[in-house]
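Please find one structure pasted underneath; my questions will follow.
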2 protein chains.
Amino acid sequence: MAGADTSQRILDIAERLVQTRGFNGFSYADIARSLRVTKASLHYHFPAKAGLGKRLIERYEQNFLNALAAIDRGGGGARSKLDAYVAIYTAVLRNDRMCLCGMLAAEFATLPKPMREEMRRFFDENDRWLTVTLEHGRTTGELEFSGPALQVARTLVGLLEGAMMIARSYGEVGRFQAVAERALADLAA
Amino acid sequence: MAGADTSQRILDIAERLVQTRGFNGFSYADIARSLRVTKASLHYHFPAKAGLGKRLIERYEQNFLNALAAIDRGGGGARSKLDAYVAIYTAVLRNDRMCLCGMLAAEFATLPKPMREEMRRFFDENDRWLTVTLEHGRTTGELEFSGPALQVARTLVGLLEGAMMIARSYGEVGRFQAVAERALADLAA
DNA sequence: GTCTATAGGTGGATAGAC
DNA sequence: GTCTATCCACCTATAGAC
């Protein structure tokens with residue numbers, strides 16, 4: 001399956017490009033250079049850029065969900081789960097990247113509709129996992145917060161995405177870590 | 001001064017385009033169409049797109065600082081100042097726009113250096129004003145939070161920018177308002 | 001200050017040989 | 001599956017007439 005392998009490598013390179021430069025900030029020529037093939041070859045695997053973009057989000061979301069499932073299997077408490085959740089973001093930022101979907105959220109107005117829908121699914125899944133985790137933590141008394149867990153979840157996602165974006169502009173991962181840790185500390189009972 | 005007026009109208013249109021589509025998501029042709037002039041005319045006022053971009057940030061930052069000064073002149077307490085600060089963001093989002101600099105933060109890697117520096121200045125000024133406001137509120141006992149005010153300031157900016165970006169992708173201003181109000185409520189003594 | 005015309009480059013995408 | 005060659009639309013930017 002040399003074909004499937006090439007498709008994966010294309011996705012790997014495109015993913016990095018979107019996370020660093022945005023969907024409108026890279027071209028098939030960039031991927032071709034990096035993979036040492038011609039642009040035409042890329043179109044064999046992904047006829048249109050919109051399709052490549054949709055696949056990118058699907059794969060990113062799947063990997064993200066797998067990471068969340070791994071956290072749940074880890075069996076720690078709510079706080080340690082949230083720490084692990086933040087660690088995913090931190091690892092991305094250390095790699096000089098933005099969250100794929102955070103990046104696409106900025107470019108939302110210019111994206112083809114299938115990409116928009118897929119991107120929102122990513123945020124919906126994040127809200128869902130965080131809501132469950134937060135509510136469980138509140139039930140066990142490990143966490144303390146008022147109001148609906150969904151609102152705390154959205155606050156967390158918004159903060160992580162925004163702080164990540166700004167921290168990257170300064171090249172300072174610590175800037176992100178400081179606010180993320182503070183946000184989690186505020187949830188401790 | 002029809003010339004200066006034209007320059008301002010160009011900036012107005014370009015500003016809207018950057019806030020909705022991003023700096024890499026619009027072209028001189030878009031401005032020309034909207035202003036009903038030719039692309040060549042635009043280059044008389046702004047020879048290069050990078051220069052136009054830098055001017056955009058400078059003007060946006062100046063308007064923002066003026067708004068902050070107006071809030072300070074209003075003479076309310078720390079909490080009402082923070083409410084007014086959030087209201088600036090809400091107004092932008094109601095207009096289906098992102099914060100200009102939040103948008104540029106996403107595109108950071110593709111921006112010319114002068115735009116990067118100007119953009120960071122915007123965030124620095126926001127940090128500064130919020131830090132002063134937060135510290136004053138803590139002194140008077142109106143606000144309550146632990147740790148350096150600068151960290152709370154950066155948490156707020158990160159949250160507002162991130163939540164704004166995501167809320168815009170859903171076309172739901174209320175999504176932004178809910179998390180913003182919650183964040184401010186957490187600061188009340 | 002605004003226009004026409006155009007340069008020189010890059011964008012995504014396709015046809016058809018190998 | 002990958003290549004060469006090419007298309008056409010669009011990009012930023014400039015020259016020079018009006």
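Below, chains carry the letters A, B, ... as their sequence lines are ordered, and counting in each starts from 1.
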**OP:** Name the closest nucleotide to the B:Ala40 side chain, picking from C:dC3, D:dA13, D:dT2.
**Re:** C:dC3
**OP:** Starting from P on D:dG1, measure out to CG on A:Asp5 and report it in whole angstrom.
**Re:**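 Going from A:Asp5 (CG) to D:dG1 (P), I get 10 Å.
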Original post:
For B:Asn24 and D:dT12, what is the distance between atoms CG and P respectively, to the nearest whole Å?
Top reply: 10 Å
Original post:
Between A:Arg120 and A:Asp124, is there a side-chain N and carboxylate O pair less than 4.0 Å apart?
Top reply: no
**OP:** Ignoring the backbone of B:His45, work out which of D:dC3, C:dT2, C:dA13 is nearest its side chain.
**Re:**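 Given the options D:dC3, C:dT2, C:dA13, the side chain of B:His45 is closest to C:dT2.
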Subject >> Nucleotide nearest A:Thr38 when distance is taken to its side chain, options C:dG12, D:dT14, D:dC3 >> reply: D:dC3
**OP:** State whether B:Phe23 and B:Lys49 meet the cation-pi test: NZ (Lys) or CZ (Arg) under 6.0 Å from the six-membered ring centroid, and within 45° of the perpendicular axis.
**Re:**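 Yes, B:Lys49 and B:Phe23 form such a contact.
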Original post:
How many Å lie between NZ on A:Lys49 and C1' on C:dT14, as a whole number?
Top reply: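 Checked: the NZ to C1' distance equals 18 Å.
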Subject >> Phosphate OP1/OP2 of D:dT2: any A:Thr6 side-chain N/O under 4.0 Å >> reply: yes
Original post:
Taking OH from A:Tyr44 and P from C:dG16, how many angstroms apart are they, rounded to a whole number?
Top reply: 18 Å
Original post:
Taking the inter-plane angle between the rings of A:Tyr89 and A:Phe176 on a 0 to 90° scale, is it parallel (under 30°), tilted (30 to 60°) or perpendicular (over 60°)?
Top reply: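 Geometry flag for A:Phe176 against A:Tyr89: parallel rings.
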Original post:
In whole angstrom, what separates B:Leu35's CG from C:dC3's C1'?
Top reply: 14 Å
Subject >> Whole-Å gap separating C1' (C:dG12) and CZ (A:Phe26) >> reply: 11 Å
Original post:
A:Ser27 side chain N/O closer than 4.0 Å to the phosphate oxygens (OP1, OP2) of C:dT10?
Top reply: no
Original post:
Separation of B:Asp30 atom CG from D:dC10 atom P, in whole Å?
Top reply: 11 Å
Original post:
So which nucleotide from C:dC3, C:dT14, D:dC11 ends up closest to the side chain of A:His43?
Top reply: C:dT14
**OP:** Report yes if the side chains of A:Phe122 and A:Cys99 come closer than 4.5 Å at any heavy-atom pair, otherwise no.
**Re:**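 Touching, per the 4.5 Å side-chain cut-off.
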Subject >> Within 45° cone and under 6.0 Å: B:Arg168 NZ/CZ vs A:Phe108 ring >> reply: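 Pair B:Arg168/A:Phe108 does not count as cation-pi.
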**OP:** Ignoring the backbone of A:Ala29, work out which of D:dA13, C:dA13, C:dG11 is nearest its side chain.
**Re:**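 Nearest nucleotide to the side chain: C:dG11.
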Original post:
At under 4.0 Å between heavy atoms, what does B:Tyr28 touch on the DNA or RNA strands: base, sugar-phosphate, or nothing?
Top reply: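 Here B:Tyr28 touches the backbone only, sparing every base.
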Subject >> Nucleotide D:dC11, atom P - distance to CG of B:Leu52 in whole Å >> reply: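 One finds 15 Å between P of D:dC11 and CG of B:Leu52, rounded.
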Original post:
So what does B:Phe46 hit on the nucleic acid, given a heavy-atom distance under 4.0 Å: a base, only sugar-phosphate, or nothing?
Top reply: nothing
Original post:
If you check every side-chain atom of B:Ser41, which of C:dG12, C:dT2, D:dT14 has the closest atom?
Top reply: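 Taking heavy atoms from C-beta onward, the closest nucleotide is C:dT2.
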